[in-house]
*Asks:* 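Below is the structure I would like to discuss, written out as C-alpha cells.
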Amino acid sequence: LVKEMGGVAPIALRRLEILLAMVAWFVWRGAASRTESAALGWSPALWAFIVPAAILDLGAFVSYGFALQTVPASIAAPIASAYPLITIVIARRLLHERLSRKEWGGVAVTLAGTAILGFG
C-alpha cells in the first residue's frame with residue numbers, strides 16, 4: 001500500500017481511524033463534560049506528555065513509510081523494530097529508572113536480533 005499511495009497517505013488514514021475511534025469512545029463515555037477529563041486524571045501536565053508523544057509517534061510512522069518507499073523492507077523493518085530501545089532511553093533519562101541485569105540482557109538480545117535481521 002505504501003508503494004502505491006506513498007509513505008504518508010496510508011499512515012495518515014490509519015491514524016485518522018484511531019483518532020475517530022478514540023473520539024467515539026470519549027463521546028460514548030461522556031467525556032465531553034469537563035469533569036470526565038478530571039476524573040480520568042488527565043491534567044494539563046499529562047497532556048504535555050501525550051501531545052508530544054503522539055507527534056513523535058506519527059513522525060516515526062511517516063518516517064517508516066518513507067523508508068519503505070526508498071529502501072527494501074528488509075532494511076527498514078529491523079531499524080523500525082528497535083523502537084523499544086527509545087522507550088528505555090526515555091525511561092532512563094526522564095524517569096531515572098534503572099534496568100536489572102536480566103533487562104539489560106533483553107536489550108542485548110533485541111540489539112543482536114535487530115542486527116541479525118539487518119545483515120541477514
Side-chain angles (χ1 to χ4, degrees):
L1 192 59
V2 169
K3 291 196 183 279
E4 291 177 16
M5 295 180 66
V8 178
I11 293 162
L13 290 172
R14 179 68 177 146
R15 291 298 181 222
L16 180 62
E17 177 186 61
I18 292 168
L19 177 64
L20 292 174
M22 286 179 57
V23 167
W25 184 82
F26 277 115
V27 168
W28 178 71
R29 293 272 306 173
S33 69
R34 296 174 200 261
T35 57
E36 180 75 17
S37 181
L40 290 172
W42 290 29
S43 67
L46 181 60
W47 284 108
F49 284 103
I50 291 174
V51 171
I55 291 169
L56 289 172
D57 180 68
L58 181 60
F61 276 97
V62 169
S63 297
Y64 181 64
F66 178 73
L68 288 176
Q69 282 185 295
T70 57
V71 298
S74 61
I75 294 172
I79 294 169
S81 69
Y83 75 88
L85 300 175
I86 301 302
T87 304
I88 292 169
V89 169
I90 291 171
R92 175 78 176 115
R93 301 287 293 176
L94 294 178
L95 303 175
H96 306 291
E97 292 185 7
R98 301 216 184 270
L99 296 178
S100 68
R101 286 190 174 149
K102 287 182 181 179
E103 291 167 330
W104 278 115
V107 170
V109 169
T110 300
L111 286 173
T114 300
I116 290 169
L117 286 172
F119 294 124

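By convention here, the first residue in the shown sequence is residue 1.
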*Asks:* Which heavy-atom pair separates Glu103 from Arg98 by the least distance, and what is that distance?
*Replies:* OE1-O, 4.0 Å
*Asks:* Among residues at least two apart in sequence or on other chains, which ones pass side-chain contact (heavy atoms from CB on, under 4.5 Å) with Ile88?
*Replies:* Leu85, Leu99, Val107
*Asks:* Tell me which one of Val89, Leu95, Ile90 satisfies side chain to side chain contact (heavy atoms under 4.5 Å, CB included) with Arg93.
*Replies:* Val89
*Asks:* What do the steps show when you test Phe66 against Gln69 for side chain to side chain contact (heavy atoms under 4.5 Å, CB included), and what is the final call?
*Replies:* CA-CA 5 Å; Phe66 178 73; Gln69 282 185 295; 4.2 Å; yes
